[in-house]
Amino acid sequence: MTPISLYNTLTNRVEPLDPVHPGEIRMYTCGPTVYAFAHIGNFRTFVFQDVLRRFLHSQGYRVLQVMNVTDVDDRIIQAAGAAGVGIREYAEKYLQAFLGDLAALHIQTPEELVRATDHIEDMVALIEKLQQKGLTYTSDGSIYFRIAGFAGYGKLSKIDLAGIQPGARVDVDQYEKQDARDFALWKAPKPGEPFWETRIGPGRPGWHVECSAMAMKYLGETLDIHTGGVDLAFPHHENEIAQSEAATGKPFVRHWLHAEHLIIDGQKMSKSLGNFYTLRDLFAKGQKPSTVRFLLLSVPYRRQLNFTEDGLTQAKNSVERLRNFLARLKAPKFAAGTNPEVQKRIEKAERDFDAGLADDINTAVALAATFDLVRDINTAMDREALLQQDALRAVAAMEKFDGILAVLADDDDATLRELGIGSAQPRLDAAQVETLIEERNAAKRRRDFPRADAIRQQLADSGILLEDAKDGSVRWKYK
RNA sequence: GGCGCGGUACCCAAGUGGUAAGGGAGAGGUCUGCAAAACCUUUAUACGUGGGUUCGAUUCCCACCCGCGCCUCCA
């Protein structure tokens with residue numbers, strides 16, 4: 001296991017990862033609120049979390065990841081009401097869409113994907129615990145957490161409590177709070193809204209309490225890692241810390257990881273600016289899942305990622321280079337044996353790749369190591385210095401890298417078809433392509449190049465590219 | 001105002017107290033019937049600006065400018 005260091009928002013420093021349970025990482029990731037399709041910014045964070053978990057896995061850790069699905073909140077209640085269905089049913093539709101999106105981006109499903117409404121009892125129990133400790137108060141049937149009762153409040157976000165005063169920018173809405181900084185653990189039912197009858201009274205959970213309750217239920221009172229977007233640090237994660245630590249008296253999380261936001265063409269993504277995209281929007285515009293994943297992971301997570309058309313083009317070309325390389329490597333036509341020089345190159349690439357990720361998940365460094373390998377091995381192949389065992393070893397290295405990058409599989413078309421986004425006109429199947437290639441080969445043999453080129457063009461029109469190898473073989477691939 | 005991220009070549013981007021990884025794009029070349037792929041060469045006297053520390057700073061310190069985010073629901 002390479003020693004891993006991660007930036008910790010709690011301390012503003014890069015610190016060694018030191019799991020509570022040796023050999024195992026228990027991490028909680030803030031998931032989606034399923035009131036609509038998740039947007040591309042959400043997936044920047046989710047792809048990061050996926051890279052993190054895949055890397056931990058590759059380093060030999062057992063990973064226990066819990067992701068919440070918020071399926072009760074104001075937006076869902078409102079949207080479900082407008083649609084005339086229950087919140088459970090309404091949320092289900094977008095939960096399924098979310099799962100489809102995760103699969104499209106090759107984001108592994110966490111060990112536990114948990115819905116808030118399946119854990120009301122756990123939340124009630126946590127709230128009761130806080131009540132017993134005198135850290136709550138009730139107002140108009142709602143239960144609030146008294147921030148003044150938790151000394152560590154603000155330690156994550158370094159927020160200036162004095163700066164948060166009632167009135168100005170704080171929501172002094174429908175709920176009566178003693179202090180603007182206090183937050184709702186339990187919201188009293190309002191007419192027409194769904195609610196649960198519980199020991200602490202009728203109502204529904206506040207947002208923050210679900211994460212504390214579910215995280216501790218599945219992962220224990222102290223988690224190794226908790227991640228989310230930077231916007232969640234305050235107030236969401238700050239409140240989670242307050243609730244959890246006030247209840248248990250133990251540190252809630254060792255490592256807080258926050259992914260920086262994605263911006264679009266230099267601007268915040270927002271509906272009002274008209275630059276708001278879901279994954280499906282991008283796919284419908286012809287982008288491939290692998291392109292999007294590559295772009296999202298190519299910029300290290302603590303940097304804002306400027307999402308642009310040009311960036312997509314660059315990502316697409318980069319993925320193409322990796323795929324071309326792997327295909328070339330797999331053509332089994334190398335002389336038997338091993339070249340020590342080549343072996344050393346491969347080992348170096350592997351070391352650099354792991355070292356990059358071990359240093360706060362520096363994906364840019366890991367990609368550089370990957371492309372170093374591509375260039376070195378391509379050069380060796382051109383010089384006929386690559387032997388069969390080298391090729392196998394290089395393939396293994398690439399597959400190891402792709403265990404984390406997850407962009408090499410040429411399954412973009414299939415993925416899109418599963419989402420119902422694929423192109424309407426069916427592409428030629430492999431047999432048809434092979435037949436045309438044979439025809440073209442025949443034309444080439446009799447030096448009928450116009451005919452050969454016409455066939456190549458015909459294939460190109462169907463989205464298929466040909467590559468003639470030196471030995472006369474022809475490789476084809478989808479554009 | 002507070003907290004945070006960042007300003008490196010045409011674009012994306014890594015990085016270090018001793019003189020700039022990687023990718024994309026462009027240009028030239030090799031190979032090829034032509035392509036494609038690949039390889040080779042090439043594209044930052046220089047890392048926002050101005051000071052300071054130092055033998056030496058892009059890297060440390062100070063100030064300033066600019067971009068973005070959070071501080072209210074938000075990945």
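Since this is a predicted model, take the numbers as computed values, not measurements. In what follows, chains are A, B, ... by sequence order, proteins preceding strands, each numbered from 1.
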Could you check whether the side chain of Gln304(A) and the base of C68(B) have a donor-acceptor pair of N or O atoms closer than 3.5 Å, going by distance alone?
yes

For A57(B) versus G52(B), give the span between their C1' atoms, rounded off to a whole number of Å.
11 Å

Counting the atoms with a prime plus P, OP1 and OP2 as sugar-phosphate, which does Ala364(A) contact under 4.0 Å by heavy atoms, base, sugar-phosphate, or nothing?
base

How long is the line joining CG of Leu466(A) and P of G33(B), in whole Å?
16 Å

Mind checking if Asp73(A) touches a base, just sugar-phosphate, or nothing, with heavy atoms under 4.0 Å?
nothing

Using atom P in both nucleotides, what's the gap between C71(B) and A13(B) to the nearest angstrom?
24 Å

For A25(B), which nucleotide is its Watson-Crick or G-U wobble mate, given both distances must be under 3.5 Å?
U43(B)

Given C74(B), C34(B), G23(B), the nucleotide with the shortest approach to the side chain of Arg321(A)
G23(B)

P atom, A46(B) versus C34(B): distance in rounded Å?
42 Å

Result for 5'-nearest mapping on RNA chain B, choosing between Arg475(A) and Leu232(A), is Arg475(A)

Take the protein atom CD of Glu260(A) and the nucleotide atom C1' of G4(B), then report the distance between them rounded to whole Å.
7 Å

Stacking between G22(B) and Phe371(A), yes or no? Criterion: centroid separation under 5.5 angstrom, plane angle under 30 degrees.
no

Let me know, please, whether Gly41(A) or Asn12(A) comes out on the 5' side of the other along RNA chain B by nearest nucleotide.
Asn12(A)

Could you check Lys268(A) against Asn275(A) for side chain to side chain donor-acceptor pair (under 3.5 Å), going step by step and ending with a plain yes or no?
CA-CA 8 Å; Lys268(A) 179 178 179 172; Asn275(A) 61 0; over 6 Å; no

Could you tell me whether the side-chain ring of His261(A) sits stacked on the base of A75(B), using a centroid cut-off under 5.5 Å and a plane angle under 30°?
yes

Hydrogens and angles aside, do Thr379(A) and Asp376(A) bring a side-chain donor and acceptor to less than 3.5 Å of each other?
no

Nucleotide C73(B), atom P - distance to CZ of Phe234(A) in whole Å:
8 Å

Pi-cation contact, Tyr35(A) with Arg75(A) (under 6.0 Å, within 45°)
yes

Find out whether the Lys NZ or Arg CZ of Arg181(A) is both under 6.0 angstrom from the six-membered ring centre of Tyr153(A) and within 45° of the ring's axis.
no

Is Leu295(A) touching bases, backbone alone, or none of the nucleic acid, heavy atoms closer than 4.0 Å?
nothing

When you compare G24(B) with G67(B), how far apart are their P atoms, in angstrom units rounded to a whole number?
32 Å

Spacing of the C1' atoms in G48(B) and U59(B) (rounded, Å):
15 Å

List the steps and the verdict of ring-ring contact (aromatic ring centres under 6.0 Å, His included) for Tyr144(A) and Phe183(A).
CA-CA 5 Å; Tyr144(A) 296 92; Phe183(A) 58 90; 8.9 Å; no

With rounding to whole Å, what would you report as the distance between C60(B) and C47(B) at their C1' atoms?
16 Å

